Protein chains: 2
Amino acid sequence: MKSPTLHDVARLAGVSSATADRVLNRRGNVAEKSVRKVEEAVNQLGYVRNIAAANLSKKRGYHLAFVLPRRSHAFFGRMHEQLQKAALHLKSARVSIDVIEFEAFDIHALEAALSGLSETNYDGVAFVGLGQEAALKPLEALRASGVKVVSLVSDGPQDCRDHYIGIDNEKAGRTAARLVGMAHAGNIGRLIVAAGSLDARDHSDRIKGFRAVLKRDFPNIEITPVIETMDQPRQMRELLSERLRNDAGNTAIYNVGSGNEGLVDAIRMNGRDGLSVCVVHELSTCTRDALEDGTIDVAIDQRPEIELNRALALLQAIVDDLPPPPAPELIPAIYLRDNLPNE
Amino acid sequence: MKSPTLHDVARLAGVSSATADRVLNRRGNVAEKSVRKVEEAVNQLGYVRNIAAANLSKKRGYHLAFVLPRRSHAFFGRMHEQLQKAALHLKSARVSIDVIEFEAFDIHALEAALSGLSETNYDGVAFVGLGQEAALKPLEALRASGVKVVSLVSDGPQDCRDHYIGIDNEKAGRTAARLVGMAHAGNIGRLIVAAGSLDARDHSDRIKGFRAVLKRDFPNIEITPVIETMDQPRQMRELLSERLRNDAGNTAIYNVGSGNEGLVDAIRMNGRDGLSVCVVHELSTCTRDALEDGTIDVAIDQRPEIELNRALALLQAIVDDLPPPPAPELIPAIYLRDNLPNE
DNA sequence: CAAAAAATGATGATCGTCAATCATTTTGTC
DNA sequence: GACAAAATGATTGACGATCATCATTTTTTG
């Protein structure tokens, strides 16, 4: 009924609890024979260390840091918000969370933020990996000193973090393509693609997936040259308006990046005549409204709240050197006007 | 830095830790004045009870029961599987999970299973609420004896459980309608709808949402009379084949319930000529294959694995009388052939 | 075989909370 | 002011693991 304790293991193994402890925590100075006996007892009893008791005695709480871009974009705002809620809830589990903000898209801001962490003594760090190529050294330093590291949203080299939590952006692009394709029902189409910057890894992955599917399965749809908006609503509005005004015959729009306010403005001004489908990424006040009034049709959403929860659960586990909790793959939500989340 | 303990609270309140304990655990026999002082100290220090220590001292583990239908359907198989994985992972947190299986769609099986629980002493129970109308009495008994109760997948009366975890089926139906509509690109269509049984709450909810959207936004699509399949692949195959053979001009299929093996067979036999879109519910080996080879286009999936994880996290929290962990709404995944989860 | 080295056992404090006991003080009431 | 009732304080031993210390035993080595 009740689970066995370290004492039970020691007794069954015929050693003292001190030795059993030495084995389980790899303190060394144990005879090979004793190690085997203890391990056998562990297996036989199905002993699992009581982490709560362990942490209590070690007077350890989970000390975590989240390195996030400022709340400039709605997307990161949602992350911050969820983090705050979660932090409150996790206080009773001795999880303390510090938030370190940095300027998004500033190449060196992330590096600076991460460097600052090496002095402190966090158990785990999660960071949004935009521009992490510049931040390899501080990451390496962190990991070398035993800190567990998780990258969020955008992944980088495998050996600069313990895990990545985020969506598969190529898959997201393919999904968008399929939706655009389906909405043409075999008709001929012409498509406008807009992107923030073709340099960003996540954006280029999306475009790659998008193009692949469109080319293979929907040759009836022609892609016009990509609009680069630098994720700025204004540029988006102007460039897109121009396209819509000058070229008739556009049937679809896909925005890979952000700047959706501009996109929505442009469509509202020009009307949706001839446009059979419009797909964007991320849910925000703006895109939500646009979905509800039919200005756009689909918002593919990363669900940052869920990513954040995952990161928290994962860090808690790996900080204890436990295997990551079993969790199914992150699939971006496909929001239509009919399945928007409440409130 | 480190969080305050009960002792700190007592000291600040100017009472003994015994009294502080009496206040926090509502043991009674405390003067109103002392209660106030302690509560004030709690607020001032931001004291949060260390649950790990509390549970350790109470020698309490989380003793949970999951009452699930047998693994007859792929859907429940996925739940069982996830539950097993999670159970393994949660052993170190002193969470023990018992699984009680019952025969799906047997009205009294659930009642019997739940009745059996009143003898035992679980802290929390999750159950799949198919046919819970018949099981109100045992649920009431459980809750009366302090057991926390969560219903999964299909909800019932509010006061027979503490929380419901599952999708909004009406929303799922609306989503299906939107996808079907989009895929018609304004063309005229004729739609075949199949359902397991119109009695099942979740199925009827889906149909309700589906019809509402189709009627309002896609009057160009005609709905032919619903095929009732009792979720049996064979009936599905025969009835659907008949329809496809006899009536030309069908443009879409929507299956509200299960029995997708039959649906897939029928379409493969008849070919997809003229069918512009085919939407079903739940991902399984069968529907996954069908998505990949283009037999069907969309599978709306409840993601039982996620529901299960949610239930676990929720039970752990409410068993401790904590507020439910902050988690965003469950949105069913929309699977296309391009965003299927790996492996 | 003796000395050094390695392995082991025994013990006890600690973490924060719970739960129980018993002694003492503060109330309220007639 | 006596007396009961209520409130409080003080104390203690779990709970399960960690970690350090010290004494003792076993093994290795020359």
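Naming: A, B, ... by sequence-line order, numbering from 1 per chain. All values reported here derive from a predicted model rather than from experimental measurement. Reckoned from all heavy atoms, side chains included, excluding hydrogens, waters and symmetry mates.
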Tell me: [atom1] of [X] to [atom2] of [N], nearest whole Å?
| X | N | atom1 | atom2 | result |
| --- | --- | --- | --- | --- |
| A/H7 | C/dA10 | NE2 | P | 10 Å |
| A/D21 | C/dG9 | CG | C1' | 13 Å |
| B/L6 | D/dG9 | CG | P | 12 Å |
| A/L45 | D/dG16 | CG | P | 14 Å |
| B/R60 | D/dG16 | CZ | C1' | 16 Å |
| A/L322 | D/dA17 | CG | P | 14 Å |
| B/R36 | D/dA7 | CZ | P | 14 Å |

Problem - Comparing B/R27 and B/A53 on DNA chain C - which has the more 5′ nearest nucleotide - result: B/A53

Fill in the blank from the handout: When B/A20 and B/L56 are each assigned the nearest nucleotide of DNA chain D, the 5'-most assignment goes to B/A20

Practice task
Between B/A18 and B/K58, name the one whose nearest nucleotide on DNA chain D is closer to the 5' end.
Solution key: B/A18

Problem - Test item: side-chain donor near acceptor, B/R94 and A/S3, under 3.5 Å - result: yes

Exercise for the section: Compute whether any side-chain donor of one residue and acceptor of the other, for A/N309 and A/R303, lie under 3.5 angstrom apart. Expected result: no

Handout entry: Pair B/D301 + B/R78, salt bridge at N-O below 4.0 Å
Key = yes

Handout entry: Cationic N near anionic O, under 4.0 Å, B/R143 to B/D159
Key = no

Problem - Any donor-acceptor N/O pair under 3.5 Å between C/dG16 base and A/R94 side chain - result: no

Handout entry: N/O (side chain, B/S57) to phosphate O (OP1/OP2, C/dC18) under 4.0 Å
Key = no

What contact category does [X] fall into here, base, sugar-phosphate, or nothing, at under 4.0 angstrom with non-hydrogen atoms?
| X | answer |
| --- | --- |
| A/G14 | sugar-phosphate |
| B/R22 | base |
| A/N55 | nothing |

Problem - CD-CD1 distance between B/Q316 and B/I51, expressed to the nearest 0.5 angstrom - result: 10.0 Å

